[in-house]
Asker: 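Let me give you the structure first, and then I'll get to my questions.
Proteins get letters first, then strands, A, B, ... in listed order; numbering begins at 1 in each. All figures in this text were calculated on a predicted structure; none of them were measured in a lab.
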2 protein chains.
Amino acid sequence: MTTGSGYDPDEYPRVAVTVDLVVLTLRDGELCVLLVERGEEPWRGARALPGGFVRPDETLDAAAARELVEETGLRDVPGHLEQLRSYGDPERDPRMRVVSVAYLALAPDLPEPAAGSDAAGASWVPVDQASAGPLAFDHARILADGLERARAKLEYTSLATAFCPPEFTVSDLRAVYEAVWGRPLDPRNFHRKVTGTPGLLADTGRTRAEGRGRPATVYRAGPATGLHPPLTRDG
Amino acid sequence: MTTGSGYDPDEYPRVAVTVDLVVLTLRDGELCVLLVERGEEPWRGARALPGGFVRPDETLDAAAARELVEETGLRDVPGHLEQLRSYGDPERDPRMRVVSVAYLALAPDLPEPAAGSDAAGASWVPVDQASAGPLAFDHARILADGLERARAKLEYTSLATAFCPPEFTVSDLRAVYEAVWGRPLDPRNFHRKVTGTPGLLADTGRTRAEGRGRPATVYRAGPATGLHPPLTRDG
DNA sequence: ATAATAGTGTCTTTTAGACAATATCAC
DNA sequence: GTGATATTGTCTAAAAGACACTATTAT
């Protein structure tokens with residue numbers, strides 16, 4: 001907005017603004033996205049990203065945070081939430097002009113949305129399956145953009161810790177990278193890398209035994225937000 | 001958009017959607033941004049980013065491209081145009097709820113907008129000055145986000161060539177990096193780096209003498225879009 | 001003991017960055 | 001010639017990636 005000559009709100013076309021969410025989590029070492037099943041036309045029965053209208057006095061970030069809480073059925077969703085990009089092709093929704101501001105959320109392993117709650121109908125779907133099957137509207141494109149953003153940001157930020165619970169081991173963190181990037185990493189080089197990045201990990205002084213093998217040191221996320229130098233996914 | 005139960009368009013608040021442009025160019029080796037002076041309230045007399053309403057049957061990208069042409073007064077604007085992010089705080093425009101989808105445009109040295117044209121009132125302002133002085137609405141924030149995006153993308157993409165005319169020398173390209181990052185780079189290491197990146201530069205076989213010194217080889221932008229490995233600005 | 005996972009050390013290759021040296025122009 | 005810019009080469013330090021090796025657990 002703008003230079004333009006005076007305008008009357010009524011001159012301008014009605015546009016609806018929504019937020020759509022790409023919510024990613026790790027379940028059993030697999031990267032999953034939260035999808036809902038549409039109960040009505042258009043795209044009745046198809047899977048879609050969760051989302052909804054932005055309310056009159058709400059910021060875009062607040063609308064995304066509200067939808068995230070509503071659709072997961074959790075009071076407080078830990079992790080990370082950031083704006084992804086906006087989608088506004090005139091024909092993306094056949095009912096009216098809808099501009100959607102998409103958000104990317106990353107969360108640690110969350111429970112399956114409860115059947116009785118508002119979040120019923122939402123479920124975690126492995127991203128490979130979600131990307132293959134059809135999705136409502138332009139949500140396949142939004143999901144692809146969200147995945148690419150997540151994959152890229154793991155390279156040069158500490159974002160992977162958003163997929164972990166408050167306390168985690170280096171192996172937990174490596175499992176995040178392997179799931180998001182879809183390829184195995186060398187445990188020894190990975191360990192040296194992340195423990196050698198100042199401020200990334202805060203040692204709790206404790207260890208945790210997970211079945212066989214030497215117990216792993218337990219860390220919390222440190223204050224660092226960037227990775228210098230970055231981890232690389234191409235290799 | 002989503003899951004929700006049926007809705008009537010009239011239930012939802014009227015929202016205006018605009019595009020705002022952060023148009024960057026190099027003038028005399030200085031990074032400049034295109035600003036307009038507002039002729040009316042609110043923010044009458046203040047400088048603002050160019051922008052305008054998205055038309056009913058227009059994609060967001062098309063609206064941004066149209067505004068770019070209108071505000072520069074050029075038929076065809078070379079360079080690069082990409083979506084930056086959206087801004088939708090309820091109070092960002094006192095007149096009504098306005099969600100702005102910001103775009104980032106990078107262009108080679110463009111002429112001063114002609115006084116008689118539609119683009120009159122627009123002018124190129126050095127970014128240091130634009131960032132310092134007040135801007136209308138939340139445009140200071142949008143400008144800062146655009147600059148950060150441009151600075152970051154020079155590291156790992158071939159975007160710098162968008163600031164150059166179709167044919168350019170390695171020195172021209174280096175001048176882009178130095179202007180955008182605001183720091184000098186070693187000409188020798190820079191030369192080795194960019195000429196050694198496959199697909200970044202296409203040799204025209206010609207050279208060009210610019211005053212004193214050995215004539216430089218003239219290149220065109222090659223097919224490569226990414227830089228592997230990246231150039232680094234912290235270094 | 002054996003298998004499994006955690007963590008350390010070592011080596012090679014690649015790259016960044018500093019900077020010497022050479023090439024080709026204007027003057 | 002001198003001075004300026006372009007381009008190539010050389011050296012050092014840092015980092016990536018491969019992988020041997022040690023540490024600590026369960027069985």
Side-chain angles (χ1 to χ4, degrees), chain A residues 28-29 154-157 160 164 167-179 181 183-220 224 226-235, chain B residues 29 154-156 160 164 167-179 181 183-220 224 226-235:
Chain A
D28 301 320
L154 288 206
E155 292 196 72
Y156 58 94
T157 74
C164 294
E167 300 201 333
F168 56 91
T169 67
V170 172
S171 292
D172 292 338
L173 193 61
R174 180 164 48 85
V176 171
Y177 276 89
E178 293 182 332
W181 285 351
R183 76 173 181 102
L185 298 176
D186 185 296
R188 298 159 293 184
N189 290 336
F190 182 85
H191 188 283
R192 186 161 35 82
K193 182 82 167 198
V194 296
T195 55
T197 299
L200 180 62
L201 302 177
D203 194 331
T204 64
R206 277 169 293 115
T207 62
R208 173 202 298 169
E210 307 264 26
R212 252 186 283 286
R214 173 173 169 177
T217 305
V218 176
Y219 295 93
R220 298 178 161 278
L227 253 44
H228 285 292
L231 275 150
T232 131
R233 57 179 152 158
D234 33 294
Chain B
L154 288 206
E155 291 197 70
Y156 59 93
C164 294
E167 301 201 332
F168 56 90
T169 66
V170 172
S171 291
D172 292 338
L173 193 62
R174 180 165 47 85
V176 171
Y177 277 89
E178 294 182 333
W181 285 351
R183 76 173 181 103
L185 298 176
D186 184 295
R188 299 158 293 184
N189 291 335
F190 182 84
H191 188 281
R192 184 161 34 82
K193 182 80 168 201
V194 295
T195 56
T197 301
L200 180 62
L201 300 178
D203 195 330
T204 63
R206 278 171 293 115
T207 61
R208 172 201 298 168
E210 308 265 26
R212 256 182 283 286
R214 174 174 169 177
T217 304
V218 175
Y219 296 93
R220 297 179 161 277
L227 254 44
H228 283 292
L231 276 150
T232 126
R233 56 179 151 158
D234 32 296

Asker: Please tell me which of the listed nucleotides, C:dA18, C:dG7, C:dT10, lies nearest to the side chain of A:Val170?
Answerer: C:dG7
Asker: Which nucleotide in the set C:dG7, D:dT25, D:dC19 lies at the smallest distance from any side-chain heavy atom of A:Arg214?
Answerer: C:dG7
Asker: At less than 4.0 Å, is any side-chain N or O atom of A:Thr217 found next to OP1 or OP2 of C:dA6? Yes or no.
Answerer: no
Asker: In this structure, how many angstroms lie between the P atom of D:dA15 and the OH atom of A:Tyr156, rounded?
Answerer: 20 Å
Asker: Could you give the CZ-to-C1' distance, from B:Arg183 to C:dG17, as a whole number of Å?
Answerer: 10 Å
Asker: From NE2 of B:His228 over to C1' of C:dT14, roughly how many Å is that when rounded to an integer?
Answerer: 15 Å
Asker: Identify the heavy atoms of A:Val170 and A:His191 that sit nearest to each other, and give their distance.
Answerer: CG1-CD2, 3.7 Å
Asker: Taking all non-hydrogen atoms of both residues into account, name the closest pair between B:Leu154 and B:Tyr177 and its distance.
Answerer: O-OH, 2.9 Å
Asker: Using every non-hydrogen atom in the two residues, find where B:Leu227 and B:Leu231 come nearest and quote the distance to one decimal.
Answerer: CD2-CD1, 3.8 Å
Asker: For B:Pro229 and A:Tyr219, find the nucleotide of DNA chain C closest to each by heavy atoms; which residue's nucleotide sits nearer the 5' end?
Answerer: A:Tyr219
Asker: What is the separation between atom CD on B:Glu210 and atom P on C:dT24, rounded to the nearest whole Å?
Answerer: 18 Å
Asker: Could you pull out the closest heavy-atom pair between A:Ala179 and A:Gly29, with the gap in Å?
Answerer: CB-O, 3.5 Å
Asker: Hey, is the side chain of B:His191 poking within less than 4.0 Å of OP1 or OP2 on D:dT7, counting only N and O atoms?
Answerer: yes
Asker: Using the side-chain heavy atoms of B:Arg174, tell me which of these nucleotides is nearest: C:dA6, D:dA6, D:dA18.
Answerer: D:dA6
Asker: For B:Asp203 and D:dT7, what is the distance between atoms CG and C1' respectively, to the nearest whole Å?
Answerer: 13 Å
Asker: Tell me whether the OP1 or OP2 atom of C:dA6 has a side-chain N or O from A:Arg208 closer than 4.0 Å.
Answerer: no
Asker: Can you see which heavy atom on B:Arg208 is nearest to which on B:Val218, and at what distance?
Answerer: CB-CG2, 3.6 Å
Asker: Measure CG/B:Asn189 against P/D:dA13 and give the value in whole Å, please.
Answerer: 16 Å
Asker: Please report the shortest heavy-atom distance between B:Arg206 and B:Asp203, naming the atom on each side.
Answerer: N-OD1, 4.4 Å
Asker: Pairs counted only when both distances fall under 3.5 Å, Watson-Crick or G-U: show me the 5' to 3' dot-bracket for DNA chain C, [ ] for pseudoknotted crossings and | for other-strand partners.
Answerer: |||||||||||||||||||||||||||
Asker: Can you figure out which of C:dG7, D:dG17, D:dT10 approaches the side chain of A:Arg192 most closely?
Answerer: D:dG17
Asker: Is any side-chain heavy atom of A:His228 closer than 4.5 Å to a side-chain heavy atom of A:Thr197?
Answerer: no
Asker: Specify the residue among A:Arg188 and A:Ala209 whose closest nucleotide of DNA chain D lies further upstream toward the 5′ end.
Answerer: A:Arg188
Asker: From the list C:dC27, D:dT7, D:dA26, which nucleotide is the closest neighbour of the side chain of B:Arg212?
Answerer: C:dC27
Asker: Under 4.0 Å between a side-chain N or O of A:Ser171 and OP1 or OP2 of C:dT5?
Answerer: no
Asker: Send over the distance from A:Leu231 CG to D:dA14 P, rounded to a whole Å.
Answerer: 19 Å
Asker: Provide, to the nearest angstrom, the distance between the CG atom belonging to B:Leu173 and the P atom belonging to D:dA6.
Answerer: 12 Å
Asker: Measure from the side-chain heavy atoms of A:Asp186 and tell me the nearest of C:dG7, D:dT25, D:dC19.
Answerer: D:dC19
Asker: Could you point out which residue of A:Leu200, A:Leu201, A:Thr204 forms a side-chain contact (heavy atoms from CB on, under 4.5 Å) with A:Tyr219?
Answerer: A:Leu201
